[in-house]
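What follows is a single structure, written as structure tokens, with notes after it.
The chain is numbered in sequence order, starting from 1. Since the model is a prediction, treat every value here as computed from it, not as a measurement.
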Amino acid sequence: MSTDDPGPDDYCLIDATRPPKADGPPYAECVLCREPTEYPESYKGITFCPVCEWQEAQRTACSG
């Protein structure tokens, strides 16, 4: 394998920055279903609840 060949972890790189986890309420609402998330209400940006976050990851996953 040459150094130009991508390794198994070198493809489908998506910036997956996440907001910090909240220590307790109040929690931010999920932007899709309005359920509470694991993130603080003070976070400015897109937040998903665990279910919607998993579904979004499935939707945007690389398929090969």
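Here C52 contributes atom SG and R59 contributes atom CZ; the two are 11.5 Å apart, rounded to the nearest 0.5 Å. In this structure, C49 SG and Y39 OH are separated by 10.0 Å, a value rounded to the nearest 0.5 Å.
Residues meeting the side chain to side chain donor-acceptor pair (under 3.5 Å) test with E41, sequence neighbours left out: none.
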Could you tabulate the donor-acceptor pairs under 3.5 Å formed by side-chain atoms of residues 28-35, not counting sequence neighbours?
unit_1, atom_1, unit_2, atom_2, d
E29, OE1, R34, NH1, 3.4

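Pairing each heavy atom of F48 with each of E53, the nearest pair is CB-N, 3.6 Å.
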